[in-house]
Amino acid sequence: DEVYKVAERYKCTVVLVANKRLHIPVNPLFQMEVVSGGFDAADDWIVEHITDHDVVITTDILLAERCVKKQARVLGPKGIEFTEDNVGMAVANRELMQNLRHMGEMRGGPAPMEKKDRSLFLGKLDQIMQALTRKSKT
């Protein structure tokens, strides 16, 4: 919902990519792109179509890494922006956590979203959108 509100404010297109149709608000700015059900098909579509003027919002660290390499801005749902400086560490941490879960040392996933996470996300998304707006004017 937050993404749609910010997109309306900045008059920018949102493309939701998935392997099945999902409900999105009716608005000409919002598009649904349904890809084949193949493994990573949605990720591959995103990486193929993004530019350095795009923002990708994802929890998928490996997708984030691929998008950062294409110079897109990448934001996690808790307001953490992935950059060339931190995405490598995020990938390494993901692998470590995956190994710990596999060995039974850890259970569960990430902590649930809190109000402060939502606030951080909105603040960072707005900051990114302002920067991209300035960039497109130059």
Side-chain angles (χ1 to χ4, degrees):
D1 291 339
E2 289 84 359
V3 172
Y4 298 128
K5 289 175 187 170
V6 172
E8 286 176 329
R9 185 171 350 123
Y10 285 95
K11 306 284 188 253
C12 68
T13 303
V14 173
V15 180
L16 184 67
V17 183
N19 61 3
K20 65 180 180 178
R21 185 154 298 283
L22 302 172
H23 174 73
I24 63 173
V26 177
N27 185 317
L29 290 172
F30 309 152
Q31 303 170 15
M32 178 74 221
E33 184 67 39
V34 180
V35 297
S36 71
F39 185 74
D40 280 345
D43 293 5
D44 293 342
W45 189 96
I46 292 166
V47 172
E48 183 178 320
H49 289 87
I50 59 169
T51 72
D52 63 348
H53 288 82
D54 292 326
V55 180
V56 177
I57 298 170
T58 185
T59 59
D60 184 328
I61 304 298
L62 298 179
L63 173 59
E65 180 183 43
R66 292 173 68 191
C67 294
V68 166
K69 287 179 180 175
K70 294 224 26 195
Q71 305 299 309
R73 303 288 297 262
V74 183
L75 184 61
K78 293 189 176 185
I80 304 296
E81 183 174 7
F82 295 101
T83 65
E84 289 181 5
D85 293 336
N86 69 8
V87 76
M89 182 63 77
V91 171
N93 188 51
R94 175 195 175 276
E95 291 175 14
L96 173 64
M97 299 306 273
Q98 187 174 350
N99 288 336
L100 290 174
R101 280 191 293 276
H102 181 70
M103 294 182 331
E105 298 294 322
M106 276 191 81
R107 288 190 162 49
M113 286 280 285
E114 295 181 8
K115 213 173 199 175
K116 68 176 180 138
D117 298 323
R118 193 169 316 283
S119 178
L120 286 170
F121 173 80
L122 281 170
K124 189 63 178 178
L125 181 56
D126 193 63
Q127 181 185 36
I128 290 170
M129 294 304 297
Q130 287 179 26
L132 290 175
T133 300
R134 285 190 301 273
K135 181 179 179 180
S136 69
K137 290 179 180 178
T138 59

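These numbers come from a predicted model, not from an experiment.
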If the threshold is 4.0 Å, N to carboxylate O, is there a salt bridge linking Asp126 and Arg9? yes
Any non-hydrogen side-chain atom of Phe82 less than 4.5 Å from a side-chain atom of Val56? no
With a 4.5 Å heavy-atom cut-off, do Leu132 and Arg73 have their side chains touching? yes
Answer yes or no: are there more than 12 heavy-atom neighbours, outside Asp1 itself, under 6.0 Å from its atom CG? no
Going by heavy atoms in the side chains, are Val17 and His49 under 4.5 Å from each other? no
Any side-chain heavy-atom pair of Gln130 and Thr133 under 4.5 Å: no
Is it the case that the side chain of Asn19 and the backbone of Phe39 share a donor-acceptor pair, with hydrogens and angles ignored and the cut-off at 3.5 Å? no
Checking the side chain of Lys124 only, and the main-chain atoms of Glu81 only, is there a donor and an acceptor separated by less than 3.5 Å? no
May I ask you to test the Lys78-Leu120 pair for a side-chain heavy-atom distance under 4.5 Å? no
Check whether more than 12 heavy atoms from other residues, nucleotides or ligands sit under 6.0 Å from atom CD1 of Ile80, and answer yes or no. no
Of all heavy-atom pairs linking Gly76 and Phe121, the shortest is O-CD1, 3.3 Å
Identified side-chain contact (heavy atoms from CB on, under 4.5 Å) partner of Gln31 from the options Ile24, Leu16, Thr13: Thr13
